[in-house]
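Working notes for the structure below.
Below, each value reflects all heavy atoms present in this structure, side chains not excepted, and no hydrogens, waters or symmetry copies. All values derive from a computational prediction rather than experimental measurement. Quick note: residue numbers are just sequence positions, from 1.
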Amino acid sequence: MPPVPGPDRSPNPTSPASSAPAMTLVLPTYNERGNLAEAIARAAKVLDGIDWEIIVVDDDSPDGTADLAKEIGAKDHRVRCIRRVGRRGLAGACIEGMLASANPIVAVMDADLQHDEALLPKMYAAVAGGTADLAIGSRFAEGAEIQGLSSNRKVASGIANTMVRALLGVSLKDPMSGFFMVRREIVEEAAPKLSNQGFKILIDLIASSPRKLKVVEMPFVFRERMSGESKLDALVTLEFAGLLVSKMLGGIVSIRFLLFGLVGLSGVVVHLTTLRLGITLGRLPFDTAQTVATFVAMTWNFFLNNGLTYRDRRLKGWRLWRGLASFYLVCGVGVVANVGVAGWLNSMDQVWWLAGTAGALVGSVWNYAASAALTWRSR
Ligand SMILES: Nc1nc2c(ncn2[C@@H]2O[C@H](COP(=O)(O)OP(=O)(O)O)[C@@H](O)[C@H]2O)c(=O)[nH]1
Ligand SMILES: [Mg+2]
């Protein structure tokens, strides 16, 4: 019987010829079945001569991207796949992939062939050679180009870029690139502060890093997507605004809490509108109208939080209805806390609006904490 070939590991990491540091390339995927094999083949080709591995981080794509990744991995052990079930999110996927690496250098690249893999060896040379801690594939540096981006997204991207640069005081041309290579140590250091939510990992990494990083930007041509569609939508933009505010506040307040607060404010508007309609149009007595308005607002908050604040853990099917019931329960207790605190402060001769606000704040914090633990607890 012929000997079974071992995993293809070229060059042999134990051979003296390869004292150069090994590199892990993370490919986050969601429904990239049509692109993944080509992306891996192209990366493998340009990385020839470097000791590399690829980690595909797939969020249980319905198109079976993870199966394909594992088929490829069965033939080439340098390719691995993390299949995440019940979770969604690009930033979280990138972090998880990088933290699964044991190599001194890690990189992230889109799997849809929009990023030019030819940049990888240059990034590697900069990071492995010590000229940079972080090498960024830049869509906006001198010589770069973006193919086929709609003019809407060009404008949106430009505005977001300017905002980020101003708010975070970075001078990068493309702080929101999803294509970069970095010493793993830097990711490990920043990891506890990184936000799993949202789309923008690079800017978070830079903002969360405790030290000043040596950064190089390398221009490339951002190609059009080969197959499938973009997962970036309006909600991503909102999440991104949340990330900016959260970072500006020094990371004390999470994106989730900010979004939860935003939803809560919209709930107040819904409550007051319903109350007014109930009294004027419905001719309901105040107490009845108030009860109806409370339930309408709670239901509104629940569905909005489920779609936005917790969209990475969105409840579906029977879990949705169980979640709604637990949310009513949580908010019910929240009202008691709210009224209790407000009444107590008011009775101590505090200003009425201060007492009211403090009560509402305590109620909101309770609602947030309790619904995180009960309604949207991670599975
Ligand atoms: N694991 C994971 N990957 C994602 C998710 N959303 C997007 N991706 C991947 O991230 C990369 C960039 O996403 P894409 O939708 O092309 O963003 P765009 O290029 O900015 O339009 C692609 O490889 C996607 O498959 C997600 O929720 N989870
Ligand atoms: Mg893309």
Selection residues 122-134 - residue pairs positive for salt bridge (Lys or Arg N to Asp or Glu O under 4.0 Å), sequence neighbours left out: Asp133-Arg183
So does [X] pair up with [Y], basic N to acidic O under 4.0 Å?
{"X": "Asp112", "Y": "Arg225", "result": "yes"}
{"X": "Glu189", "Y": "Arg211", "result": "yes"}
{"X": "Glu145", "Y": "Arg139", "result": "no"}
{"X": "Arg84", "Y": "Asp60", "result": "no"}

Between [X] and [Y], do the side chains contain an N or O donor and an N or O acceptor separated by less than 3.5 Å?
{"X": "Asp204", "Y": "Ser195", "answer": "no"}
{"X": "Asn35", "Y": "Glu38", "answer": "no"}
{"X": "Asn103", "Y": "Trp52", "answer": "no"}
{"X": "Thr24", "Y": "Glu53", "answer": "yes"}
{"X": "Asn367", "Y": "Ser371", "answer": "no"}

Near-ring test Trp376/Phe302, centroid separation under 6.0 angstrom: yes
I'd like to know if the side chain of Thr131 and the backbone of Ala126 have a donor-acceptor N/O pair within less than 3.5 Å. yes
Do Asn31 side-chain atoms and Ser61 backbone N/O form a donor-acceptor pair below 3.5 Å? no
Tell me the closest heavy-atom pair linking Ala102 and Arg184, and the distance in Å. O-NH2, 3.3 Å
Here's a test for you: under side-chain contact (heavy atoms from CB on, under 4.5 Å), which of Ile136, Leu120, Asp110, Val108 qualifies with Phe179? Leu120
What residue pairs, at least two apart or across chains, pass side-chain hydrogen bond (donor to acceptor under 3.5 Å, both in side chains) with a residue in residues 276-292? His271-Gln290
